Amino acid sequence: MKRRRGRHAGVQQYDEIGEAFEGFKSLPLMRYGEVPSFLGMVGKVSGKSVLDLACGTGFYSREFKRRAASDVLGVDISVEMIAAARKFEQMDPLRVRYEVGDVAELRSLDRHFDIAVGVQCLNYAENIAAMERVCRNIHRSLVPGGEFFVLAQKHDYRFDSPSLDKYGFRCEPTGEATETGPRARVTALLDPQLISIVATAPRHEVYEALFSYSYRQVACSAE
């Protein structure tokens, strides 16, 4: 796959999916599992500013604004995803802002946020160094004491678990691996067309080292 400088290797697959990605959230595993669980984990956002990283078509950005967040900015590397998010904003104006951007190379934003969220974000980092850059950029974008919530595939995911087909998904190893972990193909069993995405399932020790490193860096910067 041909890559553009400074862009994730998987950006092309999202550009090709575009607005159809919104269909993921209608599948049983997402609708009854991921969505309520993640929104419950983040908790109350009323009056708070939220930075939604790897926002896709803006599903969670819109949900946070509906829950009375004061300001929501969605950032995604895919031009087509942001175009779809802006289309939804035009159809149902909520005053959510969107911009195209690589989280690993995130620009200095015009404000600091109370909350940052990264749904299926860290598992697209090409290596551990890129994951570290993502975390540094997020920390830089938060107010002191701000919170960062991550949702990603279970670390050390075993591919011999029972089939997820009845929940609308299929997860299969590709046989490849990166510095952070094995690569997997996740297929959404949508009608009339299946949608597949290839991502990495980072290992437990990668997350442990990453957030331990990030914590040390934050502690040093605060001294």
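Bear in mind the structure is a predicted one, so any value in this text is a computation, not a measurement.
Phe64 and Met41 fall within a single hydrophobic cluster, where Ile, Leu, Val, Met, Phe, Trp and Tyr side chains are chained together by heavy-atom contacts under 4.5 Å. No chain of hydrophobic side-chain contacts below 4.5 Å, direct or via other Ile, Leu, Val, Met, Phe, Trp or Tyr residues, connects Val119 to Tyr32. Val186 and Leu189 fall into different hydrophobic clusters, where Ile, Leu, Val, Met, Phe, Trp and Tyr side chains are chained together by heavy-atom contacts under 4.5 Å.
Pairing each heavy atom of Glu179 with each of Val206, the nearest pair is O-CG2, 4.5 Å.
Note: Phe38 and Phe149 fail the aromatic proximity criterion, with ring centroids not under 6.0 Å apart.
Looking at Asp76, Leu73, Val75, Val103 one by one, the single match for side-chain contact (heavy atoms from CB on, under 4.5 Å) with Cys55 turns out to be Asp76. For the side-chain contact (heavy atoms from CB on, under 4.5 Å) with Leu51, the lone residue among Ile115, Leu109, Val117 that qualifies is Leu109.
In the model, Ser49 has a side-chain atom that pairs as donor or acceptor with a side-chain atom of Arg111 under 3.5 Å.
Expressed to the nearest 0.5 Å, how far OG of Ser108 lies from CZ of Arg140 amounts to 4.0 Å. Taken to the nearest 0.5 Å, the CD1 atom of Ile128 stands 8.5 Å off from the CG atom of Leu210.
Cation-pi geometry between Arg86 and Phe88 is not met: the NZ or CZ atom fails to fall both under 6.0 Å from the ring centre and inside 45° of the normal.
With a 6.0 Å radius and a threshold of 12 heavy atoms from other residues, nucleotides or ligands, Arg185 has its CZ atom at or below the threshold.
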